[in-house]
Amino acid sequence: MTDALRPMTKQRLYEQVLDRLRQYVVEGGLKAGDRLPPERDLAQRLGVSRASVKQAIVVLEVQGLVEARHGGGTYLVRDSLDVEPVERMVERRRRLPDVLDAREALETKLAELAAERRTEEDLTAMRDALAHMAGEIERDGHGVEGDRLFHAAVTAAAHSSLLAEFMRSIADQIAESRTESLRQPGRPDRSLAQHRAILDAIAAGEPRQAASAMRRHVRTVAKVRLLDWDPGDSPS
């Protein structure tokens, strides 16, 4: 059965607010660090409830496009509000828990094996990856590429072709979870510190400690705002 003829749905009201906010930023020439009008003012000017404005702001926060400071307003994190379609966010939210479960199972074992089998070349690759990530963070980046390189180096250090194949089979989903995690406020520095703990255990040849450090790390990765976000079903 095809679902091509599923019932039509109307755009949610907060999605319309997102469209207007994106247009407002473009027309106003706003840049990263600029403040959006207060929610009360936005609601009045757009002719919608504050609840709809608040839902829109939450979507922008989840996507790392704005920062809502308690009692201090909402500020742009980037120079534009290129918002990911809400339906795509809903789909990512649906599959993310399964991806994180797979990551914990696979990467915990990979870290354990890496502590038993790593070579000096493997350790050098991990150290280089963390240096790369630290450089990204120093340049105000999220450290995404350094994170990818580190986990790839741990996978290689396990010297398990089948587990490496499993990791490659979900590479796109892992990349998605990586980006989702690293755009959480304060997360890049925390992830870098956790990576160093994993590396220390692997370098010391301590499989149990390496597995434990990786498990703590992946469970931190699982703490993302997307999973707390309720997309709502009420259309305009």
Side-chain angles (χ1 to χ4, degrees), residues 62-64 77-78 84 92 95-227:
V62 167
Q63 296 190 26
V77 173
R78 302 182 185 177
E84 178 184 16
R92 284 198 298 108
R95 64 175 174 260
L96 186 57
D98 286 342
V99 174
L100 294 168
D101 284 345
R103 285 196 65 178
E104 181 171 339
L106 290 170
E107 297 198 64
T108 298
K109 186 61 179 180
L110 286 165
E112 177 185 325
L113 292 175
E116 296 173 349
R117 303 174 178 176
R118 85 290 184 276
T119 65
E120 285 303 316
E121 184 179 354
D122 292 326
L123 293 174
T124 296
M126 285 181 248
R127 292 181 182 116
D128 288 347
L130 294 192
H132 187 99
M133 186 176 183
E136 289 180 286
I137 295 171
E138 287 173 3
R139 295 188 295 274
D140 295 325
H142 290 155
V144 172
E145 179 61 11
D147 185 288
R148 184 192 69 79
L149 290 170
F150 177 75
H151 285 277
V154 172
T155 298
H159 297 281
S160 170
S161 59
L162 189 55
L163 287 178
E165 180 59 32
F166 287 153
M167 291 294 287
R168 283 192 292 272
S169 72
I170 59 171
D172 290 344
Q173 294 94 322
I174 288 176
E176 200 172 72
S177 69
R178 172 178 295 118
T179 301
E180 193 69 49
S181 174
L182 288 172
R183 66 187 180 188
Q184 306 299 300
R187 184 63 57 78
D189 284 324
R190 185 175 182 185
S191 286
L192 180 59
Q194 290 178 337
H195 287 166
R196 286 174 173 151
I198 295 166
L199 173 56
D200 287 346
I202 291 174
E206 297 286 354
R208 186 176 299 177
Q209 286 86 335
S212 179
M214 180 64 82
R215 184 176 294 107
R216 283 194 298 272
H217 173 58
V218 177
R219 289 180 179 178
T220 296
V221 170
K223 296 175 182 176
V224 294
R225 289 210 59 183
L226 179 63
L227 294 179

Inset, instruction - Examine distances only and state if a side-chain atom of Q184 and a backbone atom of R225 form a donor-acceptor pair shorter than 3.5 Å. - result: yes
Inset, instruction - Check the angle between the aromatic planes of H195 and H217 and answer parallel, tilted or perpendicular using the 30° and 60° thresholds. - result: perpendicular
Legend entry - Atom pair OG1/CZ of T108 and R103 - distance to nearest 0.5 Å: 10.0 Å
Inset, instruction - Flag the pair V99 / E176 as yes when at least one side-chain heavy-atom distance between them is below 4.5 Å, and no otherwise. - result: no
Legend entry - Rounded distance (nearest 0.5 Å) linking atom CZ of R117 with atom CG of D122: 11.5 Å
Legend entry - Sidechain-backbone polar pair: R187 side chain, V224 backbone, donor-acceptor under 3.5 Å: no
Legend entry - NE2 on H142 to OG on S191, rounded to 0.5 Å: 11.5 Å
Inset, instruction - Could you pull out the closest heavy-atom pair between S160 and L113, with the gap in Å? - result: CB-CD1, 4.4 Å
Inset, instruction - Grab the two heavy atoms, one from A115 and one from A210, that are nearest each other, plus how far apart they are. - result: CB-CB, 4.0 Å
Legend entry - Minimum heavy-atom distance V221-S181, with the two atoms named: CA-OG, 3.6 Å
Legend entry - Expected output: side-chain R118 to main-chain A203 donor-acceptor under 3.5 Å: yes
Inset, instruction - Indicate yes or no: at least one non-hydrogen side-chain atom of L149 is less than 4.5 angstrom from one of D128. - result: no
Legend entry - Any donor-acceptor pair under 3.5 Å from S177 side chain to I174 backbone: yes
Inset, instruction - Quick one: pull up CE in M133 and CG in L182 and give me the separation to the nearest 0.5 Å. - result: 5.0 Å
Inset, instruction - Decide side-chain contact (heavy atoms from CB on, under 4.5 Å) for L100 and E180; before the verdict, give the C-alpha distance in whole Å, the side-chain angles of both, and the deciding distance to 0.1 Å. - result: CA-CA 11 Å; L100 294 168; E180 193 69 49; over 6 Å; no
Inset, instruction - Output the distance between atom CZ (R215) and atom CD (E104), rounded to the nearest 0.5 Å. - result: 6.0 Å
Inset, instruction - Determine, stepwise, if the pair T155 / L163 fulfils side-chain contact (heavy atoms from CB on, under 4.5 Å). - result: CA-CA 8 Å; T155 298; L163 287 178; over 6 Å; no
Inset, instruction - Ignoring hydrogens and angles, state whether a donor on the side chain of R216 or T220 is under 3.5 Å from an acceptor on the partner side chain. - result: no
Inset, instruction - Mind running side-chain contact (heavy atoms from CB on, under 4.5 Å) on I170 and Q173 for me, showing each step along the way? - result: CA-CA 5 Å; I170 59 171; Q173 294 94 322; 4.0 Å; yes
Legend entry - Intermediate values then yes/no, side-chain contact (heavy atoms from CB on, under 4.5 Å), V154 and H151: CA-CA 5 Å; V154 172; H151 285 277; 5.6 Å; no
Inset, instruction - Return yes when atom CD of E121 has more than 12 non-hydrogen atoms of other residues, nucleotides or ligands closer than 6.0 Å, and no otherwise. - result: no
Legend entry - side-chain contact (heavy atoms from CB on, under 4.5 Å) partner of M214, chosen from Q209, K109, E107, Q194: E107
Legend entry - Exam field: side chain Q63 to backbone E84, donor-acceptor pair closer than 3.5 Å: yes
Inset, instruction - Using side-chain contact (heavy atoms from CB on, under 4.5 Å) as the criterion, point out the one residue from I198, L199, L192 that pairs with R196. - result: L192
Inset, instruction - Quick one: pull up CD in E145 and CZ in F150 and give me the separation to the nearest 0.5 Å. - result: 14.5 Å
